[in-house]
Amino acid sequence: PGAASAERHVYALAEARVIASPEAAGRILLDFASLQGLQHVVVSSAYLEIPLLDAVLEQDLEICAYPLSRGWARQAATWTTPWSRAGGDLDESYFDEVTIPAGQRTGTLRLNVTQVVDEIVTRGAPSYGFILSAPLRRGDGFTEGQRALLGTMVGARLVVTTANGRAAG
């Protein structure tokens, strides 16, 4: 049998929204719309790639990407709406955490979301997007200063590498 060929699929950010708690902690909602072109493929890898503002960090910045478990509309999403729990309905069983150490210059953040995208492709799980947050063990989310370092999300994208052929299942 011939070797499987890999394909790279790039999905631009469709919507982004900051939701803030009453204490001004915030999380960032990201939606990449439909993941077209991923039928009957094996997901090799999937990364959120987010360009950060160019800065040297004064302290460590911990960033987690969690999949959302409920749909949302950009104009209507707040800290409490449409969620069943304040701060967004996120799936804590799947996440990637990246720490940018103090003293390091920021660049492009890469968060591994392979397991989530694979669930969407192989099991037909719904795709509601992702939520970026400080680790849940640290509290409600990013401070205003941390959100400023994360920037406007312009240029954020989801990059999925696949192998052609039937997905196992």
Side-chain angles (χ1 to χ4, degrees), residues 7-21 24-39 41-53 61-100 106 108-144 146-162 167:
E7 288 187 26
R8 191 169 180 240
H9 305 263
V10 179
Y11 301 92
L13 181 65
E15 292 189 36
R17 169 113 174 140
V18 174
I19 57 173
S21 73
R27 295 182 178 154
I28 302 168
L29 307 174
L30 304 175
D31 185 10
F32 293 90
S34 66
L35 301 179
Q36 298 196 359
L38 296 181
Q39 297 78 21
V41 297
V42 174
V43 175
S44 302
S45 66
Y47 287 90
L48 290 176
E49 293 184 350
I50 301 166
L52 303 177
L53 292 181
L61 177 59
E62 297 172 299
I63 304 165
C64 290
Y66 300 92
L68 284 163
S69 57
R70 178 182 299 240
W72 57 281
R74 182 177 185 198
Q75 299 304 321
T78 68
W79 190 255
T80 56
T81 303
W83 321 113
S84 62
R85 80 180 209 191
D89 293 348
L90 51 92
D91 185 344
E92 295 178 51
S93 62
Y94 300 111
F95 72 94
D96 189 34
E97 181 176 339
V98 172
T99 299
I100 302 172
T106 58
T108 298
L109 176 67
R110 291 186 82 220
L111 290 150
N112 187 336
V113 293
T114 304
Q115 190 173 6
V116 174
V117 173
D118 186 57
E119 286 281 319
I120 292 166
V121 171
T122 60
R123 294 204 168 85
S127 174
Y128 299 120
F130 297 91
I131 189 166
L132 300 181
S133 179
L136 297 180
R137 67 181 179 279
R138 300 255 187 257
D140 284 338
F142 299 117
T143 65
E144 287 185 47
Q146 290 169 328
R147 287 195 314 268
L149 283 172
L150 291 170
T152 62
M153 298 292 131
V154 170
R157 61 192 192 160
L158 175 63
V159 179
V160 181
T161 303
T162 63

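Computed from a prediction, not measured in an experiment: that's the story for all the values here.
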Report task. Would you please say whether a donor-acceptor pair under 3.5 Å links the side chains of Ser69 and Asp91? Result -> no
Query raised in the report: Between Phe142 and Arg147, is there a cation-pi geometry (under 6.0 Å to ring centre, at most 45° from the normal)?
Result: no
Query - For Ala25 against Gly141, the heavy-atom pair lying closest together - result: CB-N, 3.9 Å
Report task. Decide yes or no for Trp79 and Asp140: does some side-chain heavy atom of the first lie under 4.5 Å from some side-chain heavy atom of the second? Result -> yes
**Report entry** N-O pairing of Glu92 and Arg85 below 4.0 Å
**Finding:** yes
Query raised in the report: Are Thr106 and Leu61 close enough that some pair of their side-chain heavy atoms sits under 4.5 Å apart?
Result: no
Report task. Determine whether Thr162 and Leu38 make a side-chain contact, defined as any pair of heavy atoms from C-beta on separated by less than 4.5 Å. Result -> yes
Query - Min side-chain heavy-atom separation Leu136-Phe95 under 4.5 Å - result: no
**Report entry** Any side-chain heavy-atom pair of Arg8 and Val159 under 4.5 Å
**Finding:** yes
Query raised in the report: Any side-chain heavy atom of Val160 within less than 4.5 Å of one from Val41?
Result: no
Query raised in the report: Do the side chains of Asp89 and Tyr128 get nearer than 4.5 Å, heavy atoms only?
Result: no
**Report entry** Main-chain N/O of Pro82 paired to Trp72 side chain as donor or acceptor, under 3.5 Å
**Finding:** no
Report summary line: Taken to the nearest 0.5 Å, the spacing of Phe130 CZ from Asp31 CG works out to 10.0 Å
Query raised in the report: Do Arg157 side-chain atoms and Val10 backbone N/O form a donor-acceptor pair below 3.5 Å?
Result: no
**Report entry** Shortest non-hydrogen contact between Leu48 and Phe32, atoms and distance
**Finding:** CD2-CE1, 3.4 Å
**Report entry** Distance in Å, Leu109 CG paired with Leu150 CG, rounded so as to fall on 0.5 Å steps
**Finding:** 7.5 Å
Report summary line: Correct closest heavy-atom pair for Trp83 and Thr78 would be NE1-O, 2.8 Å
Report summary line: Shortest non-hydrogen pair, Leu35 vs Ser127, comes out as CD1-OG, 4.4 Å
Query raised in the report: Which heavy-atom pair separates Ala86 from Thr80 by the least distance, and what is that distance?
Result: CB-CG2, 4.4 Å
Query raised in the report: So, Thr161 side chain and Ser45 main chain: donor-acceptor pair closer than 3.5 Å or not?
Result: no
Query raised in the report: Is any side-chain heavy atom of Leu52 less than 4.5 Å from a side-chain heavy atom of Leu149?
Result: no
Report task. Could you tell me whether Arg137 atom CZ has more than 12 heavy atoms of other residues or ligands within 6.0 Å of it? Result -> yes
Report summary line: In this structure, SG of Cys64 is separated from CG of Asp96 (nearest 0.5 Å) by 8.0 Å
Report summary line: Here the gap from Ile100 atom CD1 to Glu62 atom CD, rounded to the nearest 0.5 Å, amounts to 10.5 Å
Requested in this report: Show your reasoning for whether side-chain contact (heavy atoms from CB on, under 4.5 Å) applies to Tyr66 and Arg27.
Outcome: CA-CA 11 Å; Tyr66 300 92; Arg27 295 182 178 154; over 6 Å; no
Query raised in the report: Rounded to the nearest 0.5 Å, what separation is found between the OH atom of Tyr47 and the CG atom of Leu158?
Result: 12.0 Å
Report task. Write down the atom of Ile19, the atom of Gly88, and the distance for their closest heavy-atom approach. Result -> CD1-N, 4.4 Å
**Report entry** CG on Leu90 to CG on Leu132, rounded to 0.5 Å
**Finding:** 11.0 Å
